[in-house]
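Everything below concerns the one structure shown next.
All heavy atoms count here, side chains included; hydrogens, waters and symmetry mates do not.
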Amino acid sequence: MRAIQVREYVKGPDDLKVTDLPSPDPSSSQYKIAVHASATNFFDLLQIRGKYQNQPRLPWVAGAEFSGIVLSVPSRPSPSYQGDVKAWRPKYSLGDKVFGAAQGGYATEVAAEEERLRPVPRGWSFFEAAGLFVTAPTSYAALVTRAGVKRGDYVLVHAAAGGVGLAAVQIAKAFGATVIATAGTAHKLSIARSYGADHVIDYKDSSWPEQVKKLTPKGRGVDIVYDPVGLIEKSMKCTAWNGRLLVIGFAAGDIEKMATNRILLKNVSVVGLHWGKYAENEPRTVEVVWDGLFRLMDEGKFKGTCFTDEEFVGLERVPDALRALGARETWGKVVVKVPQDGASKL
C-alpha cells in the first residue's frame, strides 16, 4: 500500500512523504478498509510533531479519519464488545462502504475495530463521509445530550464555519433553534449562513457580545453558547438567565480562567464535552448519538461539511491540505480524495 509514515517527528507537514509499505495486517478483531478519502484534523499537526497527548510508537502511519470499502472482516469481536461473544457476527460485510477513525488514515489501506466504523449514509460520497466521525457526534452530543437544545432556543455558535461549527449550526436548526453564528472573515460568515445560520457576526469586532444580545428577544441573551474557541468568559456577557455554555475546545490556544461568581449571578451552567471518552464511560450514549445523527441525515437536515474551495487529490496532497488547515485558510472539514489503483472511485 501507499502511506504517509512518520519515522521521526517533523517540523511540519512539508516534511511528510508518501512511501510504499506492506498492507496492514489486521488483528482477528479488526476490519481492513480500502481508503477512498481521508479527512484532516488539527491533532494530526500536533501528532506529526510529537506534541499530541496520544503518540504511537515510532514508526507509524499518520492520519485518523477516513472512508472506504471493507476488504476483510474480523473473526471475533473487539475487546471492548459487551454482548454475547458466541452470538456475535461482523456488522459489515466485504464490499460495504464505511467511514470511521483509526491510526493510519493517510494511507490506501487501514485496519480498524468495529466500534470505530459506521456505514456511509445513503446518498453520500466517500468524500462527504470521510469527515463525519469526529465533528458530527461532538456537536450532537454537546447540543442535544449536554445542553438539551429545543425549539425556541437561541444558540450562539462560535467558529461557525469550522468542522464542528457547521455541524452545530445544522443540528441546532434541525431542533428548531435560532442560530447566531460567529466567524472571522466575510467568506466564512457566508459559509455559516449557507448552512442555515439565521444571523452572522464577525467576532473580530469587539462589540460582538452586544450585537448578539440585540438579536435575542428583549435583549435577554442566548440560551446556549457552543464554544470550540475559548470565548466562554466573553460569551457570559450575552448569555440569558439559565443559559448553558458548552466548552468544546480551545482553538484560540489559551485555557480560560473565569470568576465563578458570574456563573452564580447569571444562574448559568458551564458544561464540558469530551466526546472521545464516551466510548469508555457511556458506550450506550454513543449509539443514541449516532442514531440521532443518522435520522437527521435521512431527513435531509444534516449534510456534509467538506471544504470545496480547493480540491486535494492523492496522498501527495495531504501536506498541502494540512498546511491550509493549520493556516486557518479553510472552512469545514478538509478532506483528501485517495484514488485506488490509480483511479478515483469517488
Side-chain angles (χ1 to χ4, degrees), residues 36-37 39-41 65-68 97-101 116-183 188-200 223-228 246 248-249 273 275-276 278 285-309 330-335 346:
H36 285 256
T40 62
N41 288 282
E65 282 188 284
F66 58 85
S67 62
K97 297 179 180 181
V98 294
F99 68 91
R116 304 292 291 172
L117 299 172
R118 299 285 159 174
V120 170
R122 287 194 298 271
W124 285 52
S125 67
F126 290 121
F127 175 68
E128 293 168 317
L132 270 176
F133 198 81
V134 173
T135 56
T138 295
S139 295
Y140 191 99
L143 288 167
V144 181
T145 307
R146 298 291 278 156
V149 65
K150 62 185 183 302
R151 181 170 299 279
D153 279 342
Y154 274 69
V155 179
L156 173 60
V157 178
H158 287 305
V164 291
L166 289 176
V169 168
Q170 294 183 84
I171 292 164
K173 288 300 298 178
F175 277 80
T178 297
V179 174
I180 302 172
T182 72
K188 290 182 178 181
L189 290 172
S190 70
I191 293 294
R193 192 180 287 278
S194 73
Y195 274 78
D198 298 283
H199 309 281
V200 295
D223 303 288
I224 299 173
V225 175
Y226 181 95
D227 180 24
L246 291 161
I248 307 301
L273 186 282
W275 174 246
Y278 270 77
T285 300
V286 173
E287 299 307 314
V288 171
V289 166
W290 278 113
D291 287 347
L293 278 167
F294 274 99
R295 278 196 300 272
L296 295 185
M297 294 179 217
D298 288 342
E299 294 168 1
K301 296 179 180 178
F302 190 96
K303 63 181 180 179
T305 62
C306 297
F307 176 73
T308 54
D309 292 1
T330 62
W331 52 266
K333 287 292 293 190
V334 182
V335 175
L346 300 166

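In this structure, Ile248 CD1 and Ser139 OG are separated by 7.0 Å, a value rounded to the nearest 0.5 Å. Rounded to the nearest 0.5 angstrom, Tyr226 OH and Thr182 OG1 are separated by 12.0 Å. Here the CG atom belonging to Leu166 is positioned 7.5 Å from the OG atom belonging to Ser194, to the nearest 0.5 angstrom. Between the CZ atom of Phe127 and the NZ atom of Lys333 there is a distance of 11.5 Å, given to the nearest 0.5 Å.
In this structure, the side chains of Leu132 and Pro121 come closer than 4.5 Å at one or more pairs of heavy atoms. The shortest side-chain heavy-atom distance between Val155 and Phe175 does not fall under the 4.5 Å cut-off. A 4.5 Å side-chain heavy-atom check between Pro137 and Leu293 finds at least one atom pair inside the cut-off. Side-chain contact between Val149 and Tyr140 is absent, with no heavy-atom pair separated by less than 4.5 Å. Considering only heavy atoms from C-beta on, Phe307 comes within 4.5 Å of Asp309 through its side chain. Within the 4.5 Å cutoff, side-chain heavy atoms of His199 are placed close to those of Thr178.
When all heavy atoms of Thr135 and Ala167 are compared, the pair lying nearest together is O-CB, 4.1 Å. The two residues Val335 and Ala39 make their nearest non-hydrogen contact at CG2-CB, 4.0 Å. Looking at every heavy atom in both residues, Val179 comes nearest to Asp198 through N-OD2, 2.8 Å. When all heavy atoms of Ala37 and Phe126 are compared, the pair lying nearest together is CB-O, 3.7 Å. Residue Leu296 comes nearest to Ala174 through the heavy atom pair CD2-CB, 3.8 Å, listed as atom of the first residue, atom of the second, then distance. Closest approach of Gly152 to Asp223, counting heavy atoms only: O-OD2, 4.2 Å.
A donor atom on one side chain and an acceptor atom on the other are not found under 3.5 Å apart for Tyr195 and Thr305.
Judged purely by atom type and a 3.5 angstrom limit, Arg116 uses its side chain to pair as donor or acceptor with the backbone of Ala101.
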Practice task
Give the intermediate values and the outcome of salt bridge (Lys or Arg N to Asp or Glu O under 4.0 Å) for residues Arg122 and Glu299.
Solution key: CA-CA 11 Å; Arg122 287 194 298 271; Glu299 294 168 1; over 6 Å; no
Practice task
Let me see the working for Asp298 and Arg295 under salt bridge (Lys or Arg N to Asp or Glu O under 4.0 Å), right down to the final yes or no.
Solution key: CA-CA 5 Å; Asp298 288 342; Arg295 278 196 300 272; over 6 Å; no
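Between Trp290 and the choices Phe302, Tyr278, Phe133, Trp275, the ring-ring contact (aromatic ring centres under 6.0 Å, His included) rule is met once, by Phe133. Considering Leu143, Val225, Val157, Asp227 in turn, Leu143 is the only one that fulfils the side-chain contact (heavy atoms from CB on, under 4.5 Å) rule with Leu246.
Annotation for Lys303: atom NZ counts as buried by contact number, over 12 foreign heavy atoms lying within 6.0 Å.
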